[in-house]
There are 2 protein chains.
Amino acid sequence: MSGTTDILIDISTAILRAHDGMLQFRALQDAGQTAKRLPFGPFMPDRHRTMEIGLRQWVREQVGVDLAHVEQLYTFADQGRYKSGEGRHVVSVGYLALARAEDAAGGAWDDLYSYFPWEDWRDGRPDMLDTIILPALDTWLTQNEEARARVRLAFGRDGAQWDEEFVLERYELLYEAGLVEEAARDGRNGKPQTAMLGKAMQLDHRRISATALGRLRSKLKYRPVIFDLMPDRFTLRALQQTTELVLGTALHQQNFRRLVEKSGFVEATGKTSRARGRPAELFRFRHGNRADRPLAGLRVSGGRKPSTTK
Amino acid sequence: MSGTTDILIDISTAILRAHDGMLQFRALQDAGQTAKRLPFGPFMPDRHRTMEIGLRQWVREQVGVDLAHVEQLYTFADQGRYKSGEGRHVVSVGYLALARAEDAAGGAWDDLYSYFPWEDWRDGRPDMLDTIILPALDTWLTQNEEARARVRLAFGRDGAQWDEEFVLERYELLYEAGLVEEAARDGRNGKPQTAMLGKAMQLDHRRISATALGRLRSKLKYRPVIFDLMPDRFTLRALQQTTELVLGTALHQQNFRRLVEKSGFVEATGKTSRARGRPAELFRFRHGNRADRPLAGLRVSGGRKPSTTK
DNA sequence: TGATATTATGCTCATTTTGAGTATAAATAA
DNA sequence: TTATTTATACTCAAAATGAGCATAATATCA
C-alpha cells in the first residue's frame, strides 16, 4: 500500500584532486552532450551490499581512479531537478571522493572553479560578484523579497561575512534566480539570461559538486582530510597551496607553517626538495597516533577586527 | 537494464527537545513491540515533491509536533540493518528535527541519554565506560585487531581525546562488538552478551538517533541552532543548561556568559525571571542581522594543557 | 527579622592563540 | 658577484580562553 511508484537511486561522485595548481574533478563527456557529468550509476541493492560498494563499482568502471577518501554528501529527491529515469522517480545520492594526483593520472580532469568562478578568492574578491552576480540578484530580489536574508547570508552582503563554506547555498540561489544554465534547462525561469554563470553540468551534478566543495571546505577545519589530496612527501608550501586551492583563499605563509607544525599532523623527513629558491624540508603525514586536534586556525578571517565593545 | 529491484525509501525523524532538564526525543510505542521507534514513513514521490514534505507529513500524522529546525542527516542503505519491507530493499533516510518544548507539548518523550548512557558526561566520565564498555571492547578487539584505531579515536583511548561528536562512531562500534541489542536482533554476533547497553529501538532508529545527536553536537559550534530548542525568552543559565544537555558536558558559567554575550546572538529584554536565587535577566534570540559568527568557544576542552614545547 | 543558601553577574589574571609583520637563510638565475 | 626567489625563524600586539574570586540580589528558613 505504501510508495507504489518505482524509485531509482542514482549514486554520483565528485572526485577531487589537486594538480597543476588547480582543484580538479573528474568530469565525463558523453557523446552528443554539451554538458559534462560526474561518474554515476544506479544503486542496485541485489549487487551492492552498501551504497559505497555501488559507488566504487561505477567509479571503477567509468573512471578507474584510486580513491583516498569517500564521504556521503546528501540525498536529493526534489522533483524537476533531475530529468531522466524514463518515467521513474530518481533520487540522487551525492558523494565526495578525494584522490592523490599520483594515483589519479589518466582521464579528463576539469578545473572545478571553472564551474564556480565566484568561489575562487585567492586573488581577491572576484570582479564578477560586483559586476554581474549581485546586480542580477538584486533585480531578482525585487520579485522575491523573502529570499533577501538568504542572499545576505550566502553572499555576505550588508555587513555579513562571506563564508567560504556556503557553496551550495550560493549555487542554489543562482539557480533559483535563473542565473545558471541548469535553471533554464529544468524549465525554471524561462527568461534566457544574458550571462549564464560558470559551466553547466548534466542532471544535478553541478549541485552535487557544489555540495562537495562546501563540505570539503568545512571539513578541512576539523579533520585532516587535506592530506588525502597530498602525495606521500610534500613541502609545507605545497600543503599550503593545496589548502588555498580548496578554501579558495590566500593564507599567511608563516602563520600557516606555525599552525601545521603545532598541529602534530606532520613530521619532517630530513630530506629537502629543491626548486627555485631555498630548498624546503619535505614532510610526511603523521598517522593517527597524535590526538586529532582540529586545524581550527584554518578558519578564514577577513583580518583582525576590534571586538565590538560598545 | 538498471536496478530492477524494488526500492522503498523510508524517512525517519529524530525530533529533539529540551525539557525538564532532559534532552528528550519523540519515541513511539507500537502495540506488541518492546522497542520503540521514531516517527517514520515511506517517501512517496507522487505525493511528496521533496523528502522534507514527506517527512513533515509523517511527523504531522504520527506525532503532531511543530518543528523549529529540520536537517537531513544521512542515507543508510546497507543490508541487514533494516528488517522489514516485505522483501523490498529499504533505504533509510534519517532526519534531525528540533522543537521548542512549548510547541511540543503532548505525546511521549523519552530521555535520549537512556539510549546512550555513555554519552552523558555532565557529572563526569560515566562509570560504565571503565567498568563495562572498555573491557568488553578489549575482549572484542582481540578478535578484531583492525578495529583498534577506530576504538581509540571514538572512545578516546591511549591518549586520544574523547570527542563528544563521535556519537555514531561509538554506537557503530558497540553494534559491531555485539554490545547493543540491535546487533543480536539483526543476527550479528549471536552470543547473548551479559549487559546490553542502553535501550534498543526498532529498525535502524537508534543508529539514526546517534547520528542526530552527533550532528547536533557538532552544529552547535558553528551555527546558532541551540536557540531552536529554547523558548522565546530565556535566561543565560537556561541557555547554558540546554547547551550542556546537548553537549553532554558541564561548562564554566561565567565563561559561557561571556561567550554568548559577545557572540551577538542574544539581546536583553529588560525583564527578569525569578526563581530561587538572584533574579536573572531574560534574553531573547536576536535574529540574523548579526554576522553569524561561530560559537567556537563551545568547543569542549579537557582543560588547559601546557603546549608541548620540547 | 536576620542569617543562610542560592543563583546571577562583574571582574581579574595568566596563558594561549591569532594576525601581521620583520629579519635572515639558502638556494638558483643573471 | 649580485639579484631574485623561496623557506624559515622570530617578534609583537591584540584577542580569545580557562580558571577563579568577589559581589549582588533574591528566596528560604530559623
Side-chain angles (χ1 to χ4, degrees), chain A residues 21 161 221-222 233-241 243-244 247 249-264 266-283 291 293-310, chain B residues 21 161 221-222 233-244 247 249-283 291 293-310:
Chain A
Q161 277 279 315
K221 290 159 199 152
Y222 56 100
R233 280 132 194 269
F234 48 83
T235 64
L236 292 187
R237 185 58 162 158
L239 185 67
Q240 178 178 350
Q241 276 163 343
T243 306
E244 291 176 332
L247 290 179
T249 330
L251 300 172
H252 184 286
Q253 180 167 341
Q254 298 92 316
N255 292 347
F256 181 82
R257 161 176 284 270
R258 177 175 65 189
L259 179 76
V260 172
E261 281 185 326
K262 221 181 27 173
S263 76
V266 299
E267 58 189 3
T269 62
K271 318 216 163 184
T272 55
S273 103
R274 46 213 153 140
R276 223 160 354 177
R278 169 174 170 178
E281 174 102 42
L282 282 169
F283 289 80
R293 48 182 292 183
L295 282 174
L298 287 186
R299 197 176 303 281
V300 174
S301 81
R304 181 104 58 188
K305 267 165 234 159
S307 86
T308 355
T309 20
K310 354 170 190 177
Chain B
Q161 278 278 316
K221 290 159 199 152
Y222 56 99
R233 280 133 195 267
F234 48 83
T235 63
L236 292 188
R237 185 56 163 160
L239 185 67
Q240 176 178 351
Q241 275 163 344
T242 306
T243 307
E244 290 175 332
L247 291 179
T249 330
L251 300 172
H252 183 286
Q253 180 167 341
Q254 296 93 319
N255 291 347
F256 181 83
R257 162 175 283 269
R258 177 176 65 190
L259 180 76
V260 172
E261 280 184 328
K262 221 181 30 174
S263 77
F265 283 130
V266 299
E267 57 189 6
T269 61
K271 318 217 165 183
T272 55
S273 102
R274 48 218 152 136
R276 220 157 0 172
R278 172 174 169 177
E281 174 101 41
L282 281 169
F283 288 80
R293 47 182 296 183
L295 283 174
L298 287 186
R299 195 177 305 281
V300 173
S301 81
R304 181 102 62 188
K305 268 165 235 159
S307 87
T308 354
T309 20
K310 354 171 192 174

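Side-chain atoms are counted along with the backbone in the values below, which use heavy atoms only and exclude waters and symmetry mates. The sequence lines fix the lettering, A, B, ..., with proteins before strands; numbering per chain opens at 1. In this text the structure is predicted, and so the values were computed from the model without any measurement.
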The side chain of [X] lies closest to which of these nucleotides: [options]?
| X | options | result |
| --- | --- | --- |
| A:Arg258 | D:dG18, C:dT18, C:dG21 | C:dT18 |
| B:Glu261 | C:dA20, C:dG10, D:dA7 | C:dG10 |
| A:Leu259 | D:dC10, D:dA19, C:dT18 | C:dT18 |

So does A:Lys262 get a side-chain nitrogen or oxygen closer than 4.0 Å to the phosphate oxygens (OP1/OP2) of C:dT16?
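So the side chain of A:Lys262 is outside the cut-off, no N or O lying under 4.0 Å from OP1 or OP2 of C:dT16.
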
Can you check whether A:Gln253 has a side-chain N or O nearer than 4.0 Å to OP1 or OP2 of D:dT6?
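Indeed not, no polar side-chain atom of A:Gln253 lies that close.
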
Listing time: all N or O pairs from protein to nucleotides 25-30 of chain D that are below 3.5 Å?
{"unit_1": "D:dA27", "atom_1": "O4'", "unit_2": "B:Arg276", "atom_2": "O", "d": "2.7"}

Going by side chain to side chain contact (heavy atoms under 4.5 Å, CB included), name the residues that satisfy it together with [X], two or more places apart in sequence or in a different chain.
| X | result |
| --- | --- |
| B:Arg233 | B:Thr269, B:Lys271, B:Leu282, B:Arg284 |
| B:Ala275 | none |
| A:Thr272 | A:Pro279 |

Could you work out, with side chain to side chain donor-acceptor pair (under 3.5 Å) as the rule, every residue matching A:Gln253, not counting sequence neighbours?
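A:Gln253 satisfies side chain to side chain donor-acceptor pair (under 3.5 Å) with A:Arg237 only.
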
Checking A:Arg278 now: which residues fulfil side chain to side chain donor-acceptor pair (under 3.5 Å) with it, not counting sequence neighbours?
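With neighbours one apart ignored, the set is empty.
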
Describe the nucleic acid contact of A:Glu281 in one word from base, sugar-phosphate, nothing, applying a heavy-atom distance below 4.0 Å.
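Counting heavy atoms under 4.0 Å across all strands, the contact made by A:Glu281 is with sugar-phosphate only.
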
NA contact type, B:Arg237, heavy-atom cut-off 4.0 Å: base, sugar-phosphate, or nothing?
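B:Arg237: backbone/sugar contact only, no base atoms under 4.0 Å.
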
Would you mind reading off the distance between A:His252 atom NE2 and D:dC10 atom C1', rounded to a whole angstrom?
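Result: 12 Å.
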
